[in-house]
Amino acid sequence: MCAFAFAIVGEICKFILLKLYFQTLTKGETMTELITIERHIIEQQKRYPSATGEFSQLLADVTFAAKLVRREVIRAGLVDILGAHGSMNVQGEEVRKLDVFANEKFIQAIGHHGRFAVMGSEENEGIITPPEGKASGKYVLLFDPLDGSSNIDANVSVGTIFSIYKRVSDPSSGPGTIQDCLQKGSQQVAAGYVIYGSSVMLVYTTGQGVHGFTLDPTIGEFLLSHENITTPKRGKIYSINEGYYRYFFDGVKKYIKYLQQEDKATHRPYSARYIGSLVADFHRNLLYGGIFIYPRTKKAPNGKLRLLYEANPLAFICEQAGGRATDGYRRILDIEPEELHQRTPLFIGSEEDVKIAEEFEQGLRELEHDTELIPKMLAEVKKAESLLVK
Ligand code: AFP
């Protein structure tokens, strides 16, 4: 009862704050319509008259968890002042690693309502079922709570990636099972990511296009800032960890060389951009166009990235934005998962770029002659000859 009263007061305060905010904005400015993520989700839900609201609630819980994580991420630089992992902070609480913290927050925020059948997290070895005594819902949530966390001490953008499926197991049999988690990516009903960067953005799709929201920290609301994101058919950026060049297979090596050749018609050479934080690399390429590759290597034959927690949700978003995502041979969303933490190579981004990369990977395409190179080499030979004559 008490919690309910608090929730009502909270909603009233939020309404008043939003009203004040809109009034401030309208003073002296033409106001564009402000759409919060909650409202956007409700509008999308209206398209399905039989919807019970459970799915919208789950998405709202994900948004709430993201706000909690963001609060901690922006304080990351204070860890040195407040104490490192394993030590006590000034409040006498143990300081946890941020990825562990993010994982706990997601499990708490979603688990609290029991609106899910089963969850899977990149940080947990096994599945997570609803707490004892809580009913289990009909949705499955898979997430990577803090992707790119090894970058966090350097203030580099990190992110949370999530995807939602409908359970396939019988609801009357109790909580969801591992089979509910091992569905093909094409079965996703929603996917999204939150990027904790210079601003915080949440980008999601329910199969009705891709929409981006930016957090306004003054009111704690995600506001629609990027409606119907579409990615260019061809970009000018390639993102791959070239430090592993010697471990790449020939196809990818040749593709990199192809991107570095000069050709006005195809805007080559491309620019290399690699942050090492998938959400940030993916988000930039989604907006500007280009390709991100984490290929199979001689050291890691299945690549590094996780099919369920990273590749599938980003592939769903990418396709919805008009892009393409494969493992170099197969569409990511068609891969039948066999285990929770399965890895996959990933080629993702602008459709034309990914198609060409696949052709190299599959050995169907060879490097064109560098038209500039041959005349340059001939000139060098002539120079050497004239030096010898002298
Ligand atoms: P961390 O979460 O350990 O930082 O890993 C991040 C990540 O999974 C993904 O975000 C990056 O794209 C990828 O690893 C970078 O891996 P490399 O360091 O091998 O390039």
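Start at 1 and go down the list; that is how both ligands and their atoms are numbered. For the single chain, residues carry numbers from 1 onward in sequence order. Note that the structure is predicted; figures quoted are calculated from it, not measured.
- A cation-pi arrangement is absent between Arg273 and Tyr288 under the rule of less than 6.0 angstrom and at most 45 degrees off the ring axis.
- Ring-plane geometry between Phe248 and Tyr245 is classed as perpendicular, the angle between the planes exceeding 60 degrees on a 0 to 90 degree scale with a lower cut at 30.
- At a heavy-atom cutoff of 4.0 Å, ligand 1 is surrounded by Asp147, Gly148, Ser149, Ser150, Asn241, Tyr244, Tyr274, Gly276, Ser277, Leu278, Phe292, Tyr294, Lys304, Leu305, Glu310.
- Put simply, the residue from Ile332, Thr326, Asp353 that forms a side chain to side chain contact (heavy atoms under 4.5 Å, CB included) with Phe347 is Thr326.
- Qualifying salt bridge (charged side-chain N to carboxylate O under 4.0 Å, His left out) partners for Lys236, counting only residues two or more places apart in sequence or in other chains: none.
- No option in Leu305, Asn302, Ile335 other than Ile335 meets the side chain to side chain contact (heavy atoms under 4.5 Å, CB included) test with Asp327.
- Relative orientation of the Phe292 and Tyr274 rings is parallel, given thresholds of 30° and 60° on the angle between their planes.
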